[in-house]
Amino acid sequence: MLIVHTITDLRQLLQSAHRQEEPIGFVPTMGALHFGHLSLVRACKKQCAITVVSIFVNPTQFNDPDDLRNYPRDLKQDCDLLLASGADIVFAPNEKEMYPQPDTRRFSFGHLEKVMEGKYRPAHFNGVAQVVSRLFEIVQPTYAYFGEKDFQQVAIVRSLAAQMGGYPTIIACPVVREADGLAMSSRNTLLTDVQRSHAPLIAATLVQAQAKTKEMTVDGLRQWVIDTINADAELEVEYAEIVDEQTLQAVGHWFEGVPSRLCVAVYARPVRLIDNIRLQP
Ligand code: PAF
């Protein structure tokens, strides 16, 4: 596994793969890797000749300076995990390399950026689009892998790839969970022991919600999710939405056989956790 920090070095490493049109797979990350990220690496390795993983904590997508400051960072441990997972190249640029000038580009994703994360984290998706589009231009991958824990991010990145001419192909990989159901997240390490012991209620509530589409209206179920999680003293729902999986438009009624997505953001203060699950009425 090779670790590079500059665009020039990365391009040089990928030159022959590009020339020979080998499938290059790309897993963008902000480090603090866990098994969720490693599942993306595994999926990538199955499909691609070369697996490139980027590690860059992108400042432009943080709307809370404390969140950026506290974001866990451990390049050595990340590289050890990636080596064991069989990644071929790690690209770990610094801020100057990624943004020699401030990135002032404004992207537009219509409704996709106005709801849920977009509503509560203004400018977040513009920052994601800035860094992901730049990484796509640098790596020029055939496939790029994203986790469905960030369900809305997958929709945004698909739209971004479409706006960039249809490349790369975006592959969405399922949420990976701890044994007690908590969705794996780099932010889980920031939870206190008490918060960590309460956090599995989030996933447990989503799983229970799956069985309630027959007996509750969409609004009734949404409210039930909010009330159930808020009943826990350590947790506070920021939003719970039931949306169409493609358009992210709020669903008004159940339609038999048509899946939708229940998405939540929950504070275990100051840590903010997100999760989602498919509902299949
Ligand atoms: O999902 C993430 O970790 C980040 O949003 C991403 C895609 C690496 C962009 O910084």
Side-chain angles (χ1 to χ4, degrees), residues 7 10 25-41 43-44 51-65 67-75 77-79 81-82 85 87 89-95 97-99 102-103 105 107 109 112-113 116-118 120-139 141 143-161 163-164 167-176 183-190 263 265 271-276:
I7 296 167
L10 180 68
F26 178 45
V27 181
T29 83
M30 297 204 298
L33 302 183
H34 49 67
F35 286 115
H37 296 111
L38 302 185
S39 76
L40 304 181
V41 174
C44 183
T51 295
V52 181
V53 180
S54 66
I55 298 178
F56 177 64
V57 182
N58 172 38
T60 72
Q61 72 187 74
F62 284 80
N63 50 330
D64 174 356
D67 193 21
L68 174 60
R69 204 172 18 255
N70 296 332
Y71 201 83
R73 294 163 171 89
D74 190 340
L75 184 61
Q77 183 175 301
D78 289 342
C79 288
L81 286 170
L82 290 172
S85 306
I89 300 174
V90 176
F91 176 50
N94 64 19
E95 202 176 323
E97 187 73 8
M98 282 302 287
Y99 299 118
D103 192 337
R105 290 174 299 159
F107 292 81
F109 300 104
L112 296 181
E113 67 182 334
M116 302 193 292
E117 295 302 288
Y120 288 93
R121 301 182 67 189
H124 167 65
F125 286 125
N126 200 65
V128 169
Q130 287 173 340
V131 76
V132 170
S133 61
R134 180 131 175 79
L135 288 166
F136 284 173
E137 278 158 10
I138 295 166
V139 180
Y143 299 98
Y145 298 78
F146 292 83
E148 278 194 338
K149 184 180 77 66
D150 297 289
F151 191 77
Q152 190 171 5
Q153 175 170 272
V154 175
I156 293 280
V157 167
R158 279 195 206 287
S159 170
L160 176 69
Q163 291 177 34
M164 291 177 74
Y167 294 98
T169 301
I170 304 300
I171 311 286
C173 299
V175 183
V176 178
M184 287 195 184
S185 164
S186 306
R187 291 190 169 84
N188 291 351
T189 59
L190 303 173
C263 301
V271 184
R272 187 173 180 278
L273 302 170
I274 58 172
D275 200 350
N276 68 82

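Whatever order the structure lists ligands and atoms in, that order sets their numbers, starting from 1.
Looking only at distances, no side-chain donor or acceptor of Arg187 sits under 3.5 Å from a matching main-chain atom of Val271. One N or O on the side chain of Asp74 and one on the backbone of Gln77 form a donor-acceptor pair closer than 3.5 Å.
Close contacts between ligand 1 and Val131 involve ligand atoms 9 (C), 10 (O) [criterion: under 4.0 Å to a heavy atom]. Shown in contact with Thr29 at under 4.0 Å from a heavy atom are these atoms of ligand 1, numbered in order with element: 8 (C).
Neither the backbone nor the side chain of Val157 has a heavy atom within less than 4.0 Å of ligand 1.
Checking only distances, Gln61 does come within under 3.5 Å of ligand 1, N or O to N or O. Considering backbone and side-chain N/O of Asn58, none are found under 3.5 Å from N/O of ligand 1.
Aromatic ring orientation, Phe107 versus Phe109: parallel (interplanar angle below 30°, classes split at 30° and 60°).
At the top of the distance list for atom 5 (O) of ligand 1, counting protein heavy atoms only, stands Gln153 OE1, 2.7 Å. The nearest heavy-atom contact from the protein to atom 3 (O) of ligand 1 is Met30 CG, 3.7 Å.
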**Request:** Could you walk me through whether Phe26 and Phe136 pass side chain to side chain contact (heavy atoms under 4.5 Å, CB included), step by step?
**Result:** CA-CA 9 Å; Phe26 178 45; Phe136 284 173; 4.0 Å; yes
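Of the residues Ile55, Leu82, Val41, Val57, the one that meets the side chain to side chain contact (heavy atoms under 4.5 Å, CB included) test with Thr29 is Ile55.
Within 6.0 Å of OH on Tyr120 lie more than 12 heavy atoms contributed by other residues, nucleotides or ligands.
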